[in-house]
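Report on one structure; see the data block that follows.
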Amino acid sequence: MTTLRTWQQEALRVISNGSKPDHLITATPGAGKTTFALALATRLLEEGTVRRVAVVVPTDSLREQWADAAGRLGLNLMPVSAPEDYDKPGYQGCVATYAQLATGAGRDLLRRSTRVRTLAVLDEIHHAGESRSWGDGLNYALEQAVMRVALTGTPWRRDNKSPIPFVTYDADGQVAVDYAYEYGAAVADGVCRRIEFHAYDGEARWIDCGVVGQASLGAELKDEDVSTVLDGVYHPGHAWMPVLLSQADEALTEIRQEIPDAGGLVIAERQWHAHQYAALLRKISGTEPTVVVSEDPTAKGAIDKYRGSTSRWIIAVKMVSEGVDIPRLAVGVYASKTRTPLFFRQVVGRFVRTRPDEEFNARLYIPAVPALMEHALQIEQELRHQLDMETGFEGPEGERGSSHEQPPLPTRELVSATEAAFDRAILAGEEVSPKDLAAAQATARQLGIPTQYALNLLPLMRQQAPEVSPVHPPATEVVTPRHRQERMLRAEVETLARKYAFKAKIEPRQVNTELRRAGFPPRAKASIHDLKRMLDVLARWHGGQ
């Protein structure tokens, strides 16, 4: 059995200490939900608590991936493609899709196989709410299982139209989770990579019954107007997407100077968009992108080929989401109209998977739509909160699912869209203006640091920026509050400590221990003077002095 991560061990203890049949585990994409579930299955089989395992997944590709992963751990699960596969001799269980249990004999065959004591693993359980038939089929097929463990990457709210079986909800309608492992904790543990969100604004113009309309992405608009603006900026023939793709390709080139096989992913809204984006990227990068769409029977093979290659770009429509593991992805372009937090987090999950001996921030380019900006801020604030907790300081939906937006009005005819204009970046819960980003990039170039690390320099730059006396000094002096100074210093200490840990190949917590041994108090209790001294010491350690 592979060595389990701390969160996986804790989640196993939660289930082992419980007495109820149903459990819900939420873990950020890339954290290792599959490994956790297979470890649980192996343990229960060895103990004799269960005799079979039934796994249900949302897609055919995941069905194969789960069976492969189980085989590597010595657990034989049959990916269902024929009626006899549900209870095939020589296998300890099977892997089926939610769709297979919704119609035909699938649910009856799986129900029959659970006459022996069975563990059911329900991967990305929120998909069971995509249609009532999926939920009903799942409930019938697995109601006899002695234990059901549901997995998801993001909690969701109740949907009375398509109820999801085997889960409970609190008084507010939010799903009740037994164990949660969020993005912030995963980054703090080194399990997931940090991600920068770069938001770009722009305007679209259209004609509606002879009247010219115009709106920008960042404005507070009605759903139908947001949809129209996105249709305008996503149009390959307008100016917005070529500029955004050029910016993204430039960022990918920078990262590939250190990570030669780093790749980029474009999430496209429609198939014809994807093929036109491929033509644009072919001109921009001089290389041929990979295009995968859900209706293409060769799409899975194309994804597998891209995963093992060093080519630059892959463009996907309803293909690269949950369960698709391409750790070399470093840059993304979000060109989808779906604005649900679940789908957005699924896309983010494609860029946070880590590989040994790599340290860089992934980057996701998004339209500056308020809903997407809110999702990005929430993700980054989770990270910032977790890092504060780790240092002892605490301050005061699916790919097939609905995007909760109105389609463009049929009378509207798109006219044009402006070029993509950088609006702001989001990192660690802070918004970064174009001016701040330009200054950070200039400083990075002066220091000989790749500009993809520019945002990491901002806290230090803000603290060390010299005071310039104006020609006409203001009547009152603006003083940075002490708590803000301490917060910035703590962030600088955190960044430098992690870089030292990475260089020294030790756990970040060991750096905290070394600082305590050096006579420093816990960071939560450290004064401004202490934090500045910590920075000096960490700088000497990092430089090998």
Side-chain angles (χ1 to χ4, degrees), residues 2-10 28 30-32 181-196 255 258-259 262 327 330 351-363 380 382-394 427-430 440 444 447-450 452-461 463 486-526 530-545:
T2 185
T3 302
L4 295 180
R5 293 165 175 166
T6 301
W7 84 263
Q8 294 165 333
Q9 298 174 23
E10 293 174 348
T28 190
Y181 186 62
E182 296 180 336
Y183 171 65
V187 173
D189 291 344
V191 172
C192 288
R193 180 178 293 134
R194 295 186 71 167
I195 186 166
E196 301 173 10
I255 294 177
E258 290 194 28
I259 314 295
F351 303 95
V352 300
R353 284 167 165 76
T354 58
R355 296 189 297 186
D357 302 321
E358 286 183 354
E359 185 187 19
F360 65 89
N361 293 347
R363 190 177 296 184
E380 283 298 308
E382 288 174 9
L383 170 59
R384 183 170 181 173
H385 174 67
Q386 179 63 35
L387 295 180
D388 284 343
M389 289 176 61
E390 184 180 284
T391 57
F393 172 78
E394 289 193 61
L427 180 66
E430 294 283 355
L447 297 175
I449 298 173
Q452 66 260 31
Y453 300 112
L455 288 185
N456 293 339
L457 298 174
L458 275 175
L460 188 62
M461 291 171 56
Q463 180 65 24
E486 290 185 4
R487 186 176 66 183
M488 288 188 292
L489 282 169
R490 269 192 296 270
E492 293 169 31
V493 169
E494 173 65 30
T495 298
L496 195 52
R498 289 188 172 279
K499 288 188 174 294
Y500 169 65
F502 179 79
K503 181 179 180 181
K505 299 186 183 303
I506 62 176
E507 293 292 329
R509 289 181 175 85
Q510 291 180 246
V511 181
N512 295 337
T513 301
E514 290 185 23
L515 287 171
R516 295 295 301 277
R517 289 174 179 169
F520 291 103
R523 286 183 225 172
K525 298 181 180 179
D530 291 330
L531 292 168
K532 288 181 177 179
R533 287 178 54 235
M534 285 185 195
L535 282 175
D536 291 338
V537 170
L538 286 168
R540 289 199 299 271
W541 290 354
H542 192 272
Q545 300 178 2

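With sequence neighbours excluded, the residues satisfying side chain to side chain donor-acceptor pair (under 3.5 Å) with Arg193 are Glu358. Partners of Gln9 according to the side chain to side chain contact (heavy atoms under 4.5 Å, CB included) rule, which considers only residues two or more places apart in sequence or in another chain, are Leu4, Arg13. With sequence neighbours excluded, the residues that form a side chain to side chain contact (heavy atoms under 4.5 Å, CB included) with Arg517 are Thr513. For Ala330, the side chain to side chain contact (heavy atoms under 4.5 Å, CB included) partners at least two apart in sequence or on another chain are Ile255, Ala262, Phe360. For Arg533, the salt bridge (charged side-chain N to carboxylate O under 4.0 Å, His left out) partners are Asp530, not counting sequence neighbours. Under the ring pair (Phe, Tyr, Trp, His ring centres under 6.0 Å) criterion, Tyr500 pairs with Trp541, sequence neighbours left out.
Smallest separation of non-hydrogen atoms from Ala31 and Arg5: O-NH1, 2.6 Å. Closest approach of Arg516 and Pro521 over heavy atoms only: CD-C, 3.9 Å. Here the shortest heavy-atom pairing between Ala501 and Val511 reads CB-CG2, 3.7 Å.
Taking CD of Glu196 as the reference point, atom CG of Asn361 lies at 4.5 Å (rounded to 0.5 Å). Taken to the nearest 0.5 Å, the CZ atom of Arg363 stands 10.5 Å off from the CD1 atom of Ile195. For the atom pair Leu538 CG and Glu514 CD, the distance stands at 9.5 Å (nearest 0.5 Å).
Other residues, nucleotides and ligands contribute at most 12 non-hydrogen atoms within 6.0 Å of the CD atom of Glu507.
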